[in-house]
Amino acid sequence: MSRVLVLNCGSSSLKYRLFDVPAGGVDPADPAPVVVASGTVERIGESEPGAPKDHAEALAAAMAELPLDGLTAVGHRVVHGGLTFTAPALVDDAVLAAIADLVPLAPLHNPANLAGIQVARSLLPGVPQVAVFDTAFHRTLSPAASTYAIDAETAERYGIHRYGFHGTSHAIVSRRTAALLGRPVEEVNTITLHLGNGASACAVEGGRSVGTSMGLSPLEGLVMGTRSGDLDPAIIFHLHRVAGMPLDEIDELLNRRSGLVGLAGVNDMRVLLAKRATGDRAAALAFEVYCRRIRSYVGAYYADLGRLDAITFTAGVGENAPAVRAGALAGLDRLGIVVDPARNEAAECGARVISPPESPVAVCVVPTDEEWEIATQTLGVVA
Ligand code: ADP
């Protein structure tokens, strides 16, 4: 048996999960891994009574409570792996330096991820540490799918490229979708829709990412809780030149005060749906904008894939909001995409199909589990 600790360090939070993985191999589609312990530490670095002063203090406190004897490895979520990392990496000084080099591309995330790795390394000397990147799954994108149509030399010099994110989620969810349909992943083309606070769509051809909606950063693509997703880049020039907004303020506007919160004042889909049910017009519009954007990506990726076997909803909204699933796929019957209302609204929580039995495209709901995917990939590196 192997014991794997998975760490996900945000700028002010630390999430951890400790897994026991039975000997004899790991089934990546196994929906029921053994979780020995898990927890979240928040408010790291905030000057409140009781708040941990930094990641080192938070992690040391968490680890003191965990049964870590015989720990096989630690798996770390790292947001940005740039073009450097196409797979998970065993951490050494060169890997740490490469993650640090990518900080300009992920200024909020990579420093916190790095802090977590450094603290775990010093607290657990001798235990292999593995970095698992959100971007790595998308390194199979073709040049046509990952290239922005701007001056090629400028793009090359500044790393302007579609990197994509949520890769661990799209990876596990596309494999679980194939397992749900009882088919080898190599034969299945899927559009995975990760709809959480952040949201992204991914076109997966035979288990390989061939298109994804997030780009250089997680700002592009779908409408999110607080991020705008796609917009005309000229909006940024306009706000800067005409409204006189400094760039940092526009950055904050598009990342923190846009999306659902910008349109309707709330970023939580549950609250938005409740407001919409009371006839709130801003909430109704936000819902329509949110669903329409998903539908546009489904159409685009269907065209890219040529043949589509499944569309899968996952993460907080995707797994729990039937109204969003129905709204996003409304009117697509002629494309073979139909949501069965009774199946869609059934109070189930496991992986399931919500399209009618003989539908050409299976519409599915599949719970994601990024921590388990990180554990699996970590063991793949150290085994
Ligand atoms: P994160 O991206 O932070 O991992 P999650 O995948 O947990 O987020 O998704 C969080 C979001 O899921 C919440 O903000 C909320 O909008 C949405 N959500 C959770 N439960 C429900 C529900 N029952 N109905 C609609 N939306 C839900």
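Side-chain atoms are counted along with the backbone in the values below, which use heavy atoms only and exclude waters and symmetry mates. First listed ligand is number 1; within each ligand, the first listed atom is number 1.
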Does an N or O anywhere in [X] fall below 3.5 Å from an N or O of ligand 1?
X	answer
G316	yes
A315	no
D268	yes

Going by the order shown, which atoms of ligand 1 are within less than 4.0 Å of some heavy atom of [X]?
X	result
A321	25 (C)
G198	2 (O)
V317	12 (O), 16 (O), 17 (C)
M269	15 (C), 16 (O), 26 (N)

For [atom], which protein heavy atom lies nearest, and how many Å away is it?
atom	answer
atom 13 (C) of ligand 1	R270 NH2, 3.9 Å
atom 8 (O) of ligand 1	N197 N, 3.4 Å
atom 23 (N) of ligand 1	N320 CB, 3.3 Å

TODO: Consider ligand 1: state whether an atom of it lies below 4.0 angstrom from any non-hydrogen atom of G225.
DONE: no
Side-chain donor or acceptor of [X] paired with backbone N/O of [Y] under 3.5 Å:
X	Y	value
H194	A199	no
N113	V79	yes
T368	A315	no
K275	V266	no

TODO: Among F133, Y163, F85, find the one that has a ring-ring contact (aromatic ring centres under 6.0 Å, His included) with H80.
DONE: Y163
Open item on the list: What verdict does the salt bridge (charged side-chain N to carboxylate O under 4.0 Å, His left out) test give for E370 and R77, after you've listed the backbone C-alpha separation in whole Å, the side-chain angles of each residue and the deciding distance to 0.1 Å?
Closed with: CA-CA 9 Å; E370 292 167 275; R77 176 193 183 207; 5.1 Å; no
Open item on the list: Please tell me if atom 4 (O) of ligand 1 is touched by the protein, where touching means a protein heavy-atom distance below 4.0 Å.
Closed with: no
TODO: Determine, for D93 against R121, whether the closest basic-nitrogen to carboxylate-oxygen distance falls under 4.0 angstrom.
DONE: yes
TODO: Check the pair T312 / T177 against side chain to side chain donor-acceptor pair (under 3.5 Å), numbers first and verdict last.
DONE: CA-CA 7 Å; T312 300; T177 299; 2.9 Å; yes
